[in-house]
Amino acid sequence: AAADKITVGALRFTSHAPSFVAFEKGYFTDEGLEVEFKFFQAAQPMAVAIASGDVDFGITAISGGLINLAEKGAIKVIGGALQEEPGIDGQIILVSKAAYDEGITSPEKLKGRSFGITQAGSSFHYMASKIAEKEGFSTADMKLVPLQKVGAVIGALKSGQVDSWTIVPHIAKALLKGGAVMQIGMVADYIPDYQVTTVFTSTEIAETKPDLAKRFLKAFSRGADDFNAALVDKSEGEEGATAMVALIHKYVYADQPIEKAGPSIRNGAMRVNKDAALNLTNIQDQLDWFKAEGLVKEDITIETLVNSNFVETF
Amino acid sequence: MSDKSVEDTLTGKPVPFRGGGFLPRPKKIVAPIVFIGLIAFWEWGCRTGFISPLILPAPSEAFEAFMNLVNTGLLWQHLAASLQRLLIGWFSGTMLGIIVGTLIGLFSIARSGLQPLVSAIFPIPKIALLPLFIIWFGIGEGSKVATILFGTFFPTVIATYGGIDNVDRGLIRMGQSFGLTRMSIIRKVILPGALPAILSGTRISAAIAIILLVAAEMIAAEYGIGAYILIAGSLMATDQLITGVAILSCLGLIFAWIIGRAEKYFLKWRA
Amino acid sequence: MSDKSVEDTLTGKPVPFRGGGFLPRPKKIVAPIVFIGLIAFWEWGCRTGFISPLILPAPSEAFEAFMNLVNTGLLWQHLAASLQRLLIGWFSGTMLGIIVGTLIGLFSIARSGLQPLVSAIFPIPKIALLPLFIIWFGIGEGSKVATILFGTFFPTVIATYGGIDNVDRGLIRMGQSFGLTRMSIIRKVILPGALPAILSGTRISAAIAIILLVAAEMIAAEYGIGAYILIAGSLMATDQLITGVAILSCLGLIFAWIIGRAEKYFLKWRA
Amino acid sequence: MDLNLRNITHRYDEVEVLRDINLDIKQGQIVCIIGPSGCGKSTLLRMIGGLERPASGEVLQLGDPPADCLNPLTYIFQDFALLPWRTVEGNISLVLENHPLDAAAREEIIADVLARTKLSDFRKAYPRQLSGGMKQRVAIARALSVRPAVLLMDEPLSALDSQTRELLMDDLVDLWEKENYTAAYVTHNLAEAVRLGHKIVVLSRRPGEIRDIVEIAMPLSDRTSENLELEAIQKRLWNLMRDEARAADMELVDER
Amino acid sequence: MDLNLRNITHRYDEVEVLRDINLDIKQGQIVCIIGPSGCGKSTLLRMIGGLERPASGEVLQLGDPPADCLNPLTYIFQDFALLPWRTVEGNISLVLENHPLDAAAREEIIADVLARTKLSDFRKAYPRQLSGGMKQRVAIARALSVRPAVLLMDEPLSALDSQTRELLMDDLVDLWEKENYTAAYVTHNLAEAVRLGHKIVVLSRRPGEIRDIVEIAMPLSDRTSENLELEAIQKRLWNLMRDEARAADMELVDER
Ligand SMILES: Nc1ncnc2c1ncn2[C@@H]1O[C@H](COP(=O)(O)OP(=O)(O)OP(=O)(O)O)[C@@H](O)[C@H]1O
Ligand SMILES: Nc1ncnc2c1ncn2[C@@H]1O[C@H](COP(=O)(O)OP(=O)(O)OP(=O)(O)O)[C@@H](O)[C@H]1O
Ligand SMILES: [Mg+2]
Ligand SMILES: [Mg+2]
């Protein structure tokens with residue numbers, strides 16, 4: 001039979017590597033899938049693109065927009081991807097040099113300080129809330145500054161216009177090297193089992209073509225296994241890691257020489273769940289938080305958001 | 001007295017009518033009917049599922065979102081934040097624009113030096129410059145006001161010097177022929193003569209200011225209609241999005257109305 | 001023949017001169033000097049550290065970024081992607097705008113129904129609608145072209161019916177008085193008479209199209225000048241940002257020049 | 001073909017502009033219509049040509065226009081009404097294009113009227129290149145090209161400077177001598193009226209009523225500028241109109 | 001105060017418009033300047049008033065203007081040149097505001113000139129509400145308010161319809177009878193020239209040279225409309241000018 005054509009939305013980030021690996025190593029072909037990647041500048045439009053039918057599968061963080069689209073019956077989360085795991089470099093809590101010099105040296109001192117986010121309802125917003133909650137003050141005690149784009153937040157943090165931020169390790173480490181920002185903690189310490197990104201698809205595929213989704217998840221998981229082995233568990237040795245970096249470099253930081261891109265790619269390696277298992281507990285927590293913040297309607301249930309027929313949940 | 005020479009027995013055929021037309025007159029009643037009809041159709045479409053909620057929320061949902069804003073009192077907070085930015089940015093942009101436009105309109109040096117600069121910078125999309133604005137003016141009110149100021153400054157400059165260029169030279173010669181001083185001519189002849197063009201420039205700059213509000217509030221705005229629209233967009237809360245857009249539309253209509261009143265008042269000498 | 005009655009011995013004082021002035025004439029030479037001077041100063045400021053690289057990159061850096069674009073061949077890829085969107089969007093927006101504008105200009109029903117709709121939708125900021133556009137037109141070329149089409153449609157409608165309204169009614173009466181058919185009057189009198197206004201409308205809509213390019217390419221665009229600027233902005237790569245903005249400026253100038261040529265050609269009957 | 005105006009009355013909204021006008025225009029006659037500003041002269045002429053419908057009364061056409069006539073009732077306007085985007089020849093061909101004429105016939109008509117109005121050298125010129133007098137000559141050529149039965153002229157000379165006016169008046173007289181056209185000629189200028197009119201209709205202030213109709217039997221060719229009889233008629237007309245002209249001049253334009 | 005023009009020559013870029021004009025304007029005299037279109041009449045008048053500098057030659061002022069004169073050389077323009085945003089009274093006060101007059105003196109002048117031009121009832125009207133004739137009366141009132149030594153009039157009546165023109169010409173004559181003003185009066189209209197001019201200067205086509213100067217001794221008050229002597233002069237002038245007027249009319253405006 002002819003291969004099924006599917007479109008996969010992706011960002012040029014290391015966290016999307018499993019798809020790239022599955023593509024390069026022919027795992028998709030093995031499943032009879034002919035994959036075309038569609039690249040985005042941000043995660044948000046990817047969710048919309050799935051709703052509009054331009055893209056079939058995507059991998060991104062749970063955001064308010066995604067939940068609202070699920071509520072309108074357009075998309076479903078079908079699996080887990082990136083997850084925080086203590087012991088493995090995860091997202092880092094940063095403060096500007098100026099704030100650090102003023103004594104903001106640990107997350108508990110963030111009370112009353114400004115915190116950069118892209119938009120209300122973004123994962124940054126969620127992390128900020130969780131840090132506040134754990135440190136015993138409320139989100140309202142921090143001044144959240146929506147800056148739309150990651151680049152804008154970086155600029156604002158570097159120039160001291162916002163005090164703090166959390167971000168994935170490869171960006172954080174590059175910033176730390178510059179000396180304009182300081183690390184004060186790890187997100188994993190606050191949200192230990194944070195399901196950072198999930199795999200999602202349109203409701204139509206989830207309900208009428210479950211087989212397609214299963215095949216996609218299978219290929220994706222094989223890619224994830226290779227990725228974890230090479231760069232997270234480092235069980236393939238330096239050679240395997242180098243090969244993996246070379247593979248990913250085709251998609252990520254392609255405009256930079258491999259010498260420059262390599263470390264960034266390695267720095268960005270976080271665990272992708274085996275077999276795309278989904279941390280339903282954390283997803284429920286995220287959903288509750290969105291409701292509590294008034295960003296999504298009260299009557300949305302976890303079933304509206306997630307179709308748990310595809311992967312193991314915990 | 002009348003011409004009695006025509007014999008009444010002789011009858012001809014009337015001259016065929018071939019005039020009229022080409023003067024479309026809007027019937028006042030049609031516009032509200034169209035609006036109401038459109039909204040009713042839209043509501044009906046959503047109710048019956050003919051228009052999926054994904055594509056467009058029902059007007060009633062948008063209205064609900066609006067009432068939500070009113071009831072929580074957030075509307076005033078958003079409006080107050082936006083209006084402050086709009087008024088400060090628009091007012092200072094317009095004032096600076098009138099001053100620079102007058103200089104370009106009156107002096108050869110200013111015209112030579114500034115006019116090409118204005119033409120070169122005017123068409124630059126302001127969103128593209130947002131990152132620079134953040135660096136230059138910070139993430140506070142400064143960069144938001146600056147975005148609006150920047151956007152309204154250029155059209156005002158162009159409207160002002162265009163208006164001055166179009167002041168009837170005959171009136172200026174008249175002023176000179178009566179020995180009016182240069183200053184008097186500028187104050188009493190040129191500026192009033194350019195006023196209609198300047199006012200219609202403010203009409204345009206007000207529209208631009210509202211359009212730029214969304215861009216301006218991309219930068220670290222917690223409150224503001226633009227920020228509300230952006231959040232709604234990122235949450236895909238289309239009902240709130242439509243509400244926000246409708247509020248901007250109304251703002252635009254209100255501004256246009258105010259400028260219309262100002263025109264009526266200042267230009268009452270016109271036909 | 002001349003008047004010899006004046007005695008040459010009697011001498012008077014010359015009539016004092018009080019005319020002249022109020023005709024600022026730009027000296028052609030000043031504009032390039034200002035531009036070059038400004039860029040030289042900016043370069044000097046950056047070299048000496050007087051302008052920090054965070055605030056503004058040196059022109060030479062921006063130029064380097066530009067040469068990078070040229071050398072990697074990316075420039076053509078970006079330009080091709082953007083030009084395609086611009087041309088398709090602008091052309092179809094203008095065509096539709098002219099058609100709808102002509103309807104509003106000629107027919108009472110169209111005027112009553114459509115004009116208020118146009119006035120209500122025109123001032124809505126297109127960025128606010130981007131999320132809806134993605135749902136309506138997808139993330140492919142559709143929504144990008146639609147954004148530009150939408151942005152250029154409304155000003156063209158307004159320019160067109162404004163132009164038709166301003167066609168000398170005397171010329172229309174003349175046509176009727178010679179028994180021209182309605183169609184002839186529209187084709188030979190009204191549309192050519194509205195052409196100057198329509199062309200100046202395309203000038204505005206071209207500027208708007210370029211401004212909207214950035215907004216349009218916010219939607220999942222890999223190539224395009226707008227996308228290049230957005231990426232540069234999000235990476236705070238100010239040198240690339242300035243380069244992108246300069247390219248847009250040049251695009252604007254080229255469009256304006258082309259429209260100027262078209263005006264020269266089509267309106268050669270004007271003074 | 002004669003024209004006959006019967007009991008024409010007209011009002012715009014609340015304003016009555018013409019009241020009970022009865023008039024006939026005989027073939028080969030020039031009828032001049034004079035009256036103070038705003039008395040409804042132009043309105044009346046529009047009704048004669050079928051461009052406007054009177055509120056009551058009617059304009060009748062007695063007899064048929066000549067067979068070769070393309071547009072029986074043809075206007076010459078004060079502001080020339082030339083299409084600025086067409087050349088002299090294009091402006092003339094405009095009014096022929098709607099008629100079933102082949103290219104050669106059209107070309108012949110154009111060449112003929114241009115020759116008659118001494119415009120042949122200006123065939124390719126655009127209106128903007130022409131002086132006012134030349135523009136009005138083009139409008140006359142255009143009017144002649146459709147072989148009108150009646151010419152309707154609304155102050156055809158009043159946008160011209162007085163020397164050009166003098167020249168064109170001579171042209172109109174010469175043309176009448178040759179072709180004996182029928183015309184309704186609206187003017188403010190009494191000198192023009194006595195120079196060109198076989199019949200002069202004097203209207204009162206708004207609402208325009210016919211105050212007097214003066215017939216001048218003297219042939220047009222005899223009406224030279226040093227002519228005491230014409231002077232006397234002109235003076236009589238002026239005495240008839242002066243007060244109304246003054247009153248019309250002093251009227252404030254309504255505030256809207 | 002007399003004016004004396006000596007050897008005035010002028011050119012715009014490559015075009016010579018005036019050549020060697022010598023002329024004097026005596027106190028109490030109206031000098032009419034006539035000539036075909038584009039011959040430089042307006043340019044000449046601008047030079048007399050100091051609004052333009054001749055390329056060579058000079059305009060001299062012989063003797064001093066009267067002491068109470070606020071603006072010795074005062075124009076009346078063809079297009080009235082009223083500020084549309086000022087009322088009748090505001091337009092007059094405009095030209096007084098630059099002079100050291102107290103409010104009462106200013107008010108007195110305004111009331112006086114409005115009375116003299118029979119405009120007192122229109123004090124608060126805006127120009128748009130006035131007919132052309134009334135607008136020109138306002139311009140005349142404004143000119144009178146600065147007590148000019150010489151009035152410079154550039155076709156002051158040619159934007160008016162001919163009946164209003166007639167009325168205003170009477171007004172100008174009456175005014176001259178009362179005040180004996182000095183004037184340079186540019187016109188195309190030979191009838192106006194013979195009606196108002198003590199001296200008529202005929203210019204040739206561009207470049208404008210003086211072709212003839214005709215002095216008319218008859219007092220203005222005697223120049224009624226049925227006057228064979230004036231008719232004869234007018235006819236002579238027209239014969240002098242006809243060919244040039246025709247040539248000027250036939251000129252194509254240069255392509256740019
Ligand atoms: N379409 C119209 N609607 C309303 N009023 C009109 C219209 N056309 C003319 N009038 C009014 O009707 C009156 C007569 O106008 P008309 O133009 O016929 O006068 P006229 O005698 O030609 O004047 P003029 O000597 O100034 O040319 C004027 O008071 C004018 O304001
Ligand atoms: N500022 C100027 N620059 C260049 N040429 C000019 C200027 N002003 C007038 N001219 C030209 O000089 C010539 C004389 O102009 P002027 O206005 O003095 O003529 P005129 O006799 O008043 O004509 P008209 O009878 O049409 O009023 C014309 O050919 C005109 O085109
Ligand atoms: Mg009329
Ligand atoms: Mg002149």
Side-chain angles (χ1 to χ4, degrees), chain C residues 1 94 98 101-102 105-108 112 156 159-203 258-271, chain D residues 42-43 45-53 65 69-88 90-100 124-130 135 138-139 141-155 159 184:
Chain C
M1 219 174 303
T94 304
I98 290 175
T102 305
L106 291 177
F107 302 107
S108 288
S112 316
T156 310
T160 304
Y161 77 69
I164 290 179
D165 284 357
N166 280 333
V167 171
D168 185 356
R169 295 297 118 170
L171 293 180
I172 296 176
R173 300 285 163 246
M174 181 276 289
Q176 294 180 323
S177 80
F178 279 98
L180 298 198
T181 59
R182 206 176 151 79
M183 217 30 232
S184 285
I185 291 179
I186 294 174
R187 264 187 35 234
K188 297 178 187 167
V189 179
I190 294 182
L191 289 181
L195 192 63
I198 294 175
L199 281 175
S200 83
T202 57
R203 224 175 239 287
I258 292 173
I259 294 169
R261 298 299 309 185
E263 276 181 344
K264 269 238 173 68
Y265 177 78
F266 286 114
L267 308 181
K268 60 173 182 289
W269 47 270
R270 285 207 302 199
Chain D
S42 300
T43 306
L45 205 67
R46 280 201 297 275
M47 284 164 183
I48 298 176
L51 287 183
E52 196 148 353
R53 262 191 281 248
C69 171
L70 297 175
N71 190 47
L73 301 170
T74 300
Y75 280 90
I76 295 172
F77 298 90
Q78 177 180 3
D79 59 357
F80 324 133
L82 300 178
L83 301 183
W85 49 87
R86 287 198 176 211
T87 57
V88 167
N91 265 290
I92 297 171
S93 103
L94 171 81
V95 299
L96 300 173
E97 285 162 13
N98 256 15
H99 296 286
K124 301 286 179 197
Y126 281 99
R128 72 172 150 91
Q129 299 175 268
L130 302 177
K135 282 186 208 155
V138 175
R142 178 176 63 185
L144 294 178
S145 74
V146 290
R147 304 196 200 94
V150 181
L151 277 176
L152 305 172
M153 300 192 253
D154 192 355
E155 310 195 33

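The sequence lines fix the lettering, A, B, ..., with proteins before strands; numbering per chain opens at 1.
- Annotation: side-chain hydrogen bond (donor to acceptor under 3.5 Å, both in side chains) contacts involving residues 185-194 of chain C, sequence neighbours excluded, comprise C:Lys188-D:Glu97.
- Neither the backbone nor the side chain of D:Leu152 comes within contact range of chain C; no heavy atoms are under 4.5 Å apart.
- When heavy atoms are compared at a cutoff of 4.5 Å, D:Val95 approaches chain C by way of both its backbone and its side chain.
- Every residue two or more places apart in sequence or in another chain that forms a salt bridge (Lys or Arg N to Asp or Glu O under 4.0 Å) with D:Lys124 is listed here: D:Glu89.
- Heavy atoms only, all atoms of each residue included: D:Leu82 and C:Leu171 are closest at O-CD2, 3.5 Å.
- Summarising the geometry of C:Phe178 relative to D:His99, their closest heavy-atom pair is O-NE2, 4.5 Å, with the distance given to 0.1 Å.
- When each of D:Asp79, D:Leu73, D:Leu94 is scored by its heavy-atom pairs under 4.5 Å with chain C, the top score falls to D:Leu94.
- Within the 4.5 angstrom heavy-atom criterion, no atom of D:Arg46 approaches chain C.
- Considering every non-hydrogen atom in both C:Gly170 and D:Ala81, the closest pair reads O-CB, 4.4 Å.
- Atom CG of D:Leu83 is separated from atom CH2 of C:Trp269 by 9.5 Å, given to the nearest 0.5 angstrom.
- Enclosure of atom CZ in D:Arg147 by more than 12 non-hydrogen atoms of other residues, nucleotides or ligands within 6.0 angstrom is indicated.
- Between D:Asn98 and C:Ser184, the shortest heavy-atom contact is OD1-OG, 3.0 Å.
- Residues D:Tyr75 and C:Arg173 have side chains not in contact (no heavy-atom distance under 4.5 Å, counting atoms from C-beta outward).
- Residue C:Ser177 touches chain D through both its backbone and its side chain, counting heavy-atom pairs closer than 4.5 Å.
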